[in-house]
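Reviewing the structure listed below.
In listed order, ligands and their atoms are each counted from 1. Computed from a predicted structure; not experimentally measured. Along the sequence shown, residues carry numbers from 1.
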Amino acid sequence: MSYLDVPAGWRLGDRPVRRLGYGAMQLAGPGVFGPPRDRAAALAVLRAAVEAGVDHIDTSDFYGPHVTNELIREALHPYPDDLVLVTKVGARRGADGAWLPAFTREALIEAVHDNLRRLGLDVLDVVNFRAMFGTHGPAEGSIAEPVAVLAELQREGLIRHIGVSNVTPAQIAEARGICPIVCVQNHYNLAHRDDDALIDALGADGIAYVPYFPLGGFTKLQSSVLDAVAARVGATPMQVALAWLLRRARNILLIPGTSSVAHLHENLAAGRIDLPEDAMAALNGIGATAGG
Ligand SMILES: NC(=O)c1ccc[n+]([C@@H]2O[C@H](COP(=O)([O-])OP(=O)(O)OC[C@H]3O[C@@H](n4cnc5c(N)ncnc54)[C@H](OP(=O)(O)O)[C@@H]3O)[C@@H](O)[C@H]2O)c1
C-alpha cells in the first residue's frame with residue numbers, strides 16, 4: 001500500500017508526523033482493562049503500523065493498565081528515530097477497572113517515570129495531561145497545578161513536549177499561560193463537533209488537534225449519509241469518516257484505534273481518498289443533524 005501518499009504532514013512540537021497515526025488503546029483487553037485476547041495479534045498490529053509508515057502512536061500507562069505500553073516496547077523497541085510516542089497522564093485504574101483521576105504532584109511524577117520505564121525511553125516525546133473533573137467529557141476546573149508539574153518535568157529533560165486532553169478552551173488558555181502546548185486531544189468526529197471553532201483557532205496558532213473516537217469509539221459511527229458517500233467514492237464508511245477529518249483541517253492528526261491488521265490498513269488507506277465538495281457538504285450535514 002502507498003501510505004506515503006497521505007496528504008502533507010503536520011508536527012508535534014519539533015517532531016514532524018504524518019496526518020495518519022495509530023491509537024493503541026484498543027490493544028488492551030475488554031474495557032481497556034487487562035491483557036489483550038490475543039497478544040501475538042496485538043504485537044502484529046503495532047509492527048504492521050510502523051512497517052506501513054506510521055510515525056505517531058498514541059498510548060497511556062492507564063490502558064490495561066500498563067498493557068499497551070508494554071506491548072509497544074515489546075513490538076517496537078529500539079524505536080525508529082522518526083517514531084513519536086505520545087502518552088498521557090492524569091488518571092489511574094481502580095482494581096475493578098474504574099477510571100479515576102490522578103492529578104496530584106506525586107501521582108503525575110510517578111506516572112511520567114512509569115511511562116519512561118515501561119516504554120524504555122529516557123525522554124517522553126509528548127505527554128498529554130488528561131483532565132477528569134467528574135463528568136465523562138470536558139468540564140471546567142483549574143488544570144494549572146498539574147500542567148505546572150509537567151512543565152517542571154519538561155525543564156528536567158524528562159518530557160520533550162506537553163499537550164492537554166479532554167479540556168475546555170479556558171483550560172487550554174490556562175495551560176498555554178504556563179508552557180507551550182503542542183497538541184489538544186479531545187472527542188471529535190463527524191457526528192460530535194463541539195470543537196469546530198476550537199480546532200480552527202488551534203490551527204491558526206500551529207497547535208495540533210488530535211481527535212479521540214475518530215470512528216465513534218465504543219459506538220461506531222452510523223449514518224445513511226456516510227454509507228451513501230462511501231458507496232459513491234468506493235470506500236468503506238470508516239475510511240470516509242477518516243478522510244473527512246483529514247479534509248476538515250490541516251492541524252488534525254488522526255489516531256484511529258484498532259486491534260486488527262486489516263482494519264489498520266483500511267484506515268491508513270483513507271489518506272488516499274479524495275472527497276468531492278458535494279460529498280464534504282453532505283458529510284458536514286451529519287454533525288448539524290446530530291446537534292453539533
Ligand atoms: N484522551 C482520551 O481521553 C482518549 C479517549 C479515548 C481514546 N483515546 C485515544 O484515541 C484513540 C482512538 O480512539 P478509539 O480507539 O477509542 O476509537 P476509534 O478509533 O473511534 O474506534 C475504534 C473502534 O473502531 C473499530 N475500527 C477501527 N477501524 C475500523 C475499520 N476500518 N472498520 C471497522 N471498524 C473499525 C475498532 O474495532 P477493531 O479493533 O475491531 O478494529 C474499535 O472498536 C485510542 O486508541 C486512544 O489512543 C484517547
Side-chain angles (χ1 to χ4, degrees), residues 1 20-33 36-38 41-42 44-46 48-49 52 54 56-65 67-69 71-72 84-93 99-102 115 126-133 135-139 143 163-168 171-172 183-192 195 208-222 226-227 230 235-245 252-271 273:
M1 62 168 292
L20 264 157
Y22 173 71
M25 189 179 90
Q26 302 292 340
L27 295 182
V32 198
F33 198 57
R37 285 197 189 90
D38 182 341
V45 172
L46 287 162
V54 165
H56 168 199
I57 296 180
D58 185 79
T59 183
S60 174
D61 224 20
F62 49 74
Y63 296 158
V67 169
T68 59
N69 280 355
L71 289 168
I72 288 169
V84 179
L85 292 174
V86 178
T87 191
K88 52 190 96 61
V89 296
R92 67 183 175 84
R93 306 300 291 277
W99 300 80
L100 304 167
N115 275 280
V126 184
V127 176
N128 283 318
F129 170 66
R130 206 279 184 193
M132 195 187 287
F133 287 98
T135 63
H136 188 67
I143 62 169
V164 285
S165 175
N166 206 39
V167 282
T168 66
Q171 287 165 334
I172 296 167
C183 54
V184 171
Q185 187 175 124
N186 274 4
H187 184 179
Y188 182 82
N189 58 44
L190 255 179
H192 188 99
D195 279 353
Y209 183 90
V210 187
Y212 73 75
F213 294 159
L215 301 174
F218 298 109
T219 312
K220 262 181 282 176
L221 292 170
Q222 281 186 332
L226 183 58
D227 291 346
T236 68
M238 295 299 107
Q239 286 179 313
V240 171
L242 296 175
W244 176 84
L245 284 164
I252 289 185
L253 298 178
L254 297 185
I255 51 163
T258 181
S259 54
S260 138
V261 171
H263 284 169
L264 170 82
H265 286 143
E266 186 181 317
N267 296 343
L268 297 179
I273 295 170

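- Of the candidates Asp195, Asn189, Leu190, Asn189 is the only one forming a side chain to side chain contact (heavy atoms under 4.5 Å, CB included) with His192.
- Asp61 pairs in a side chain to side chain donor-acceptor pair (under 3.5 Å) with only one of the listed residues (Thr68, Asn69, Asn115), which is Asn69.
- Using a heavy-atom distance under 4.0 Å as the criterion, the protein contacts of ligand 1 are Gly23, Ala24, Met25, Gln26, Asp58, Tyr63, Lys88, Arg130, Ser165, Gln185, Tyr212, Phe213, Pro214, Leu215, Gly216, Gly217, Lys220, Met238, Ile255, Pro256, Gly257, Thr258, Ser259, His263, Glu266, Asn267.
- Taking the side chain to side chain donor-acceptor pair (under 3.5 Å) definition, one finds that Tyr22 meets it with nothing, sequence neighbours left out.
- Contacts of Asp58 classified as side chain to side chain donor-acceptor pair (under 3.5 Å), with partners at least two apart in sequence or in another chain: Lys88, Gln185.
- Take Glu266 and apply the side chain to side chain donor-acceptor pair (under 3.5 Å) test, not counting sequence neighbours, and it matches Thr236.
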Q: Walk me through it: do Leu245 and Tyr209 pass the test side chain to side chain contact (heavy atoms under 4.5 Å, CB included)?
A: CA-CA 11 Å; Leu245 284 164; Tyr209 183 90; over 6 Å; no
